[in-house]
Amino acid sequence: MSDLIQTITVYALPVLFGITLHEAAHGYVARMFGDPTAWQAGRISLNPIRHVDPIGTIVVPLVLLFSTKLMGGSGLLFGWAKPVPVDWSRLRNPKRDMAWVALAGPASNLVMAIIWAISLRLLAEAGASASDFWARMAIAGVQVNLILMALNLVPLPPLDGGRIVCSILPNGLAYQYSRIEPYGILILILLMVTGMLWFFLTPFLLFGQTIIKWFL
């Protein structure tokens with residue numbers, strides 16, 4: 001139990017900020033491209049409380065952590081925040097700008113992973129060991145944000161990667177592809193259960209890890 005509590009305290013901040021600031025980034029970029037909906041709703045904020053979804057940000061990550069720890073795993077963490085409201089029709093060029101708004105979320109996770117990596121480097125230079133609390137939190141911050149980045153880049157609606165694909169495809173194909181969205185989460189769960197999800201995550205994780213090495 002003490003090991004589980006330590007894991008929760010180490011991962012709490014990285015997960016909270018990784019999930020919630022991802023959503024804030026969508027709203028910020030949407031405003032840049034002409035849609036002030038998220039700004040008007042007060043959702044362009046670095047305050048994670050504004051973005052917390054009680055189920056997705058708190059309950060689901062804790063349940064997954066408890067269950068995987070009890071089964072002897074290393075602890076799986078996954079969750080979501082309240083989606084920021086985006087009115088695609090208010091974007092200056094909806095089809096093109098959709099890609100930038102979608103990309104903002106994974107990009108924010110990469111930036112946060114870099115910040116955690118720099119923090120880890122500074123801690124190491126100050127003499128901290130990998131077992132120190134703040135060093136473990138920095139390592140968790142890198143891991144959590146790289147996974148969130150990779151997961152959201154999977155080209156499956158309603159994930160960010162699916163929105164990017166719809167933005168790139170010609171209108172007819174984009175419409176057909178977007179029809180997958182009602183089944184997207186079920187497909188994602190199926191990929192997770194069968195282990196196939198890692199096939200899609202690996203290229204993005206390798207890209208992120210390459211970037212992170214520049215800062216370590």
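Note that the structure is a prediction, hence the values are computed from the model and not measured.
Shortest non-hydrogen contact noted between His51 and Ser45 is NE2-O, 2.9 Å. Residues Arg90 and Thr37 approach most closely at NH1-OG1, 3.5 Å, considering heavy atoms. Across Lys82 and Arg43, no two heavy atoms sit closer than the pair O-NH2, 2.5 Å. Considering all non-hydrogen atoms of both residues, Pro85 and Asp35 come closest at O-OD2, 4.3 Å. The two atoms that bring Met98 and Leu91 nearest to each other are N-CD1, 4.1 Å, heavy atoms only. Shortest non-hydrogen contact noted between Ser108 and Leu21 is OG-O, 4.0 Å.
Put simply, the side chain of Trp116 does not reach to within 4.5 Å of the side chain of Gln143, judged on heavy atoms. Looking at Ile187 and Leu156, their side chains come closer than 4.5 Å, going by heavy atoms from C-beta outward. Proximity of Pro157 to Arg163: side-chain heavy atoms (C-beta onward) are nowhere separated by under 4.5 Å. The side-chain heavy atoms of Met149 and Asn145, taken from C-beta on, include no pair separated by under 4.5 Å. Contact annotation: the side chain of Val52 never approaches that of Ile19 to less than 4.5 Å [non-hydrogen atoms, C-beta and beyond]. With a 4.5 Å cut-off on side-chain heavy atoms, Asp160 and Val154 do not count as touching. A 4.5 Å side-chain heavy-atom check between Lys95 and Asn171 finds at least one atom pair inside the cut-off.
When the shell of 6.0 Å around CZ of Phe204 is examined, it contains more than 12 heavy atoms from other residues, nucleotides or ligands. Within a 6.0 Å radius of CZ in Phe199, other residues, nucleotides and ligands contribute 12 heavy atoms or fewer.
No donor-acceptor distance shorter than 3.5 angstrom exists from the side chain of Asp97 to the backbone of Pro94, with no hydrogens or angles considered. Between the side chain of Asn47 and the main chain of Ile49, a donor-acceptor pair closer than 3.5 Å is present.
Arg121 CZ to Ile212 CD1: the interatomic distance, rounded to the nearest 0.5 Å, is 12.5 Å.
Placement of Leu190 and Ile180 in two distinct hydrophobic clusters is found when ILVMFWY residues are connected by side-chain heavy-atom separations under 4.5 Å, directly or transitively.
Of the residues Ile211, Leu205, Thr210, the one that meets the side-chain contact (heavy atoms from CB on, under 4.5 Å) test with Phe207 is Ile211. Of the listed residues (Leu197, Leu186, Leu201), just one forms a side-chain contact (heavy atoms from CB on, under 4.5 Å) with Leu191, and that residue is Leu197.
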